[in-house]
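This report concerns only the one structure given below.
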Amino acid sequence: MYALIDCNNFYASCERAFRPPLIGKPIVVLSNNDGCVIARSNEAKAHVPMGAVYYQYKQVFKEQNIHVFSSNYPLYGDLSNRVMNVLSSFSPEIEIYSIDEAFMSLSGFERLDLTCYGKAIKEKVKQLTHIPVSIGIAPTKALSKIANKIAKKYDSRTGGVYVLDTAEKRAKALKWTKIEDVWGIGRKFSQKLIKTGVSTAFDFTQLPEEYVKKEFSVVGLRLQKELQGISILKLEQVKTKKAIATTRSFKSNISDIESLNERLTTFACSCAEKLRRQNSFCNMLMIFIHTNGHRKDQAQYSKNIVMHLPYPTHSDITLSRYVTKGLNAIYKKGYAYKKAGVIAMGISPNTEKQINLFENENPKHEVLMKVMDRINSRLGMKKIKLANQNLQKTWIMRQDSLSCRYTTDWNELLKVQ
DNA sequence: TCTGGGGTCCTAGGGCGA
DNA sequence: TCTGTCGCCCTAGGACCC
């Protein structure tokens with residue numbers, strides 16, 4: 001059996017964890033640059049759709065007394081770690097699936113009353129982190145997702161925990177689940193399925209295998225088996241990332257190549273730092289620049305370039321050199337750029353560095369990067385930068401409604417009066 | 001004025017060497 | 001020496017997830 005533990009309206013719950021008066025009040029959390037709504041409390045869901053554009057909904061927020069927060073990732077990341085730590089004490093096998101979800105293996109726990117065990121987990125997480133969770137338990141990962149949806153939807157009846165442990169319950173749950181709500185069936189696939197008369201998860205399980213394989217590849221076939229109660233997807237081990245990206249939309253458009261180069265250099269340094277943190281190198285670098293696709297009245301241009309590096313690296317200096325080279329190749333004058341990014345690819349661990357016969361990195365880079373990381377980590381922020389980055393840090397994201405970093409910054413600890 | 005960011009996996013198709 | 005086939009690798013594009 002597998003359990004899926006999912007934090008309820010996670011970002012909104014994090015904001016509430018340190019501000020109890022907000023319990024029961026409508027809350028939304030915005031994306032970077034306060035662009036659009038990325039999380040809503042239950043109370044806000046009736047008034048604001050997911051992805052709503054902030055400036056278009058300002059009036060609604062005001063009228064409905066909805067509390068608005070800019071996203072506060074240091075806080076959410078820290079609370080997520082705390083939740084996962086609590087969960088780890090309930091099973092030796094746990095897969096952290098995302099910032100607010102984890103799968104847990106309950107094999108060997110079958111003799112227990114799983115509903116009671118689920119409730120014990122839920123209560124412990126609530127007690128230690130103040131984050132409410134819902135728990136779905138079932139024989140496969142895909143079914144545990146459905147069980148979780150039921151637990152969340154019928155919270156008062158289920159107490160936030162639902163176990164799908166019989167064929168009857170499974171059939172009933174599958175008939176209740178709309179095809180577009182099935183984990184792994186996105187917008188395109190659900191449209192295609194609905195056209196052929198498949199409107200529920202149960203209908204999907206009745207389709208011929210060959211048809212599913214042909215139309216939805218092995219991914220669809222695996223999912224079908226999982227929904228039929230045959231466990232195919234196992235818990236996954238922590239893996240090193242295959243790509244590391246830093247991409248941003250700008251608060252206002254950028255047209256000149258110097259400013260773009262400064263931004264992209266900073267993004268490259270952020271990628272390099274993430275690479276060093278996970279002890280790996282990259283040997284390919286992609287950069288891209290976009291104009292604002294939402295502004296149909298403005299001239300559009302979008303281009304990316306992939307560069308193969310001569311040797312694996314995680315040096316700020318090397319990556320920034322290639323960023324400049326790439327930008328010179330794709331930049332076109334006369335456009336207002338809204339978004340840009342750097343993606344490090346071809347990632348290999350420190351232990352498997354492929355050395356080039358003819359050209360290798362200056363060994364001083366490695367030492368320098370270590371010193372930079374140590375100083376920056378001790379000072380808590382980016383004090384040491386490359387010379388072609390902006391030392392004044394005038395590129396601040398729009399975050400008009402940011403809450404405190406209650407758990408990760410000494411200066412922002414909760415004050416008790 | 002203002003519309004997020006960061007990932008994974010699979011398939012098709014072309015190049016290329018055995 | 002030429003040709004056909006097979007399989008591997010790479011890339012682009014498309015689907016999905018949170």
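Only this structure's heavy atoms are used, side chains among them; waters, hydrogens and symmetry mates stay out. If you're wondering where the values come from, they're calculated on a predicted model, not measured in any experiment. Order of the sequence lines sets the chain letters (A, B, ...), proteins ahead of strands, with each chain counted from 1.
OP1 or OP2 of B:dC9 sits under 4.0 Å from a side-chain N or O of A:Lys242. For B:dG5, the OP1/OP2 oxygens have a side-chain nitrogen or oxygen of A:Ser249 closer than 4.0 Å. At least one side-chain nitrogen or oxygen of A:Lys339 sits closer than 4.0 Å to the OP1 or OP2 atom of B:dG5. At least one side-chain nitrogen or oxygen of A:Arg248 sits closer than 4.0 Å to the OP1 or OP2 atom of B:dG6. The side chain of A:His290 contributes no N or O atom lying less than 4.0 Å from OP1 or OP2 of B:dG4. Look at A:Asn292 and you'll find a side-chain N or O under 4.0 angstrom from OP1 or OP2 of B:dT3. For the pair A:Arg222 and B:dC10, the criterion of a side-chain N or O lying under 4.0 Å from OP1 or OP2 is met. When the side-chain nitrogen and oxygen atoms of A:Thr247 are compared with OP1 and OP2 of B:dG6, one or more of them lie within a distance under 4.0 Å. Residue A:Lys145 places at least one side-chain N or O closer than 4.0 Å to OP1 or OP2 of C:dC18.
Not less than 6.0 angstrom separates the ring centroid of A:Tyr154 from the ring centroid of A:Tyr162. Ring to ring, A:Phe103 and A:Trp183 are close: their centroids are under 6.0 angstrom apart.
Within 4.0 Å of A:Phe189, counting heavy atoms only, lie sugar-phosphate atoms of the nucleic acid but no base atom. A:Asp34 comes within 4.0 angstrom of nothing in the nucleic acid, heavy atoms only. Contacts of A:Gln56 with the nucleic acid, taken as non-hydrogen atoms under 4.0 Å apart, are absent. In this structure, A:Lys58 reaches neither bases nor backbone, as no heavy-atom distance under 4.0 Å exists between it and the strands shown. Contact annotation for A:Lys338: backbone-only contact, meaning every heavy-atom pair under 4.0 Å involves sugar-phosphate atoms and none involves a base. Using a 4.0 Å heavy-atom criterion, one finds that A:Arg398 contacts the bases of the nucleic acid, with or without backbone contacts as well. Across all strands shown, A:Tyr97 has heavy atoms under 4.0 Å from sugar-phosphate atoms exclusively, and none from any base. Nucleic acid contact for A:Ile185: sugar-phosphate only, since backbone atoms but no base atoms lie under 4.0 Å from a heavy atom of the residue. As judged by a 4.0 angstrom heavy-atom cut-off over every strand, A:Val53 is placed among the base-contacting residues. Among the protein residues, A:Ile244 comes within range of the sugar-phosphate backbone only, with heavy atoms under 4.0 Å from sugar or phosphate atoms but none that close to a base. Residue A:Thr246 is classed as a sugar-phosphate contact, given heavy-atom separations below 4.0 Å to backbone atoms only.
Counting heavy atoms from C-beta on, the side chains of A:Tyr322 and A:Ser320 never come closer than 4.5 Å.
Distance from the side chain of A:Cys36 is smallest for B:dG4 among the nucleotides B:dC2, B:dG4, B:dC9. Listed nucleotides B:dC10, B:dG7, B:dC2 differ in distance to A:Val219; the shortest reach to its side chain belongs to B:dC10. Side-chain atoms of A:Val218 lie closest to B:dC10 of the nucleotides B:dG4, B:dC2, B:dC10. Taking only side-chain atoms of A:Asn32, from C-beta outward, the nucleotide of C:dC18, B:dG4, B:dC10 with the closest atom is B:dG4.
When all heavy atoms of A:Val133 and A:Lys122 are compared, the pair lying nearest together is O-NZ, 2.8 Å.
Taking atom CD1 on A:Ile343 and atom P on B:dG7, their separation rounds to 9 Å, with Å as the unit. If you take CZ of A:Phe288 and P of B:dG7, they are 12 Å apart, rounded to a whole angstrom. To the nearest angstrom, C1' of B:dG5 lies 18 Å from NZ of A:Lys251. Nucleotide B:dC2 holds its P atom 19 Å from the CD atom of A:Gln399, rounded to whole Å. In this structure, CE of A:Met286 is placed 12 Å from C1' of B:dG6, rounded to the nearest angstrom. Rounded to whole angstrom, the span from the CG atom of A:Leu233 across to the P atom of B:dT8 amounts to 17 Å. In this structure, the CG atom of A:Asp181 is 10 Å from the P atom of C:dC17, given to the nearest Å. Distance A:Ile347 CD1 to B:dT8 P: 8 Å, rounded to the nearest Å.
Tested against A:Ser280, the residues A:Arg277, A:Gln278, A:Arg276 include a single side chain to side chain donor-acceptor pair (under 3.5 Å) partner, A:Gln278.
Distance noted for atom C1' between B:dG17 and C:dT3: 14 Å (whole Å). Straight-line distance between the C1' atoms of B:dG4 and C:dC17: roughly 15 Å, to the nearest whole Å. Rounded to the nearest Å, the gap between the C1' atom of C:dG4 and that of B:dC16 is 14 Å.
A salt bridge is defined here as a Lys NZ or Arg NE, NH1 or NH2 lying under 4.0 Å from an Asp or Glu carboxylate O, and A:Glu215 with A:Lys192 meets this definition. With salt bridges taken as basic N to acidic carboxylate O contacts below 4.0 Å, none links A:Glu180 and A:Lys188.
Nearest-nucleotide positions on DNA chain B for A:Lys241 and A:Ile38 put A:Ile38 closer to the 5' end.
Figure legend: A:Lys338 and A:Phe250 shown without cation-pi pairing, the cationic atom not lying both under 6.0 angstrom from the six-membered ring centre and within 45 degrees of its axis.
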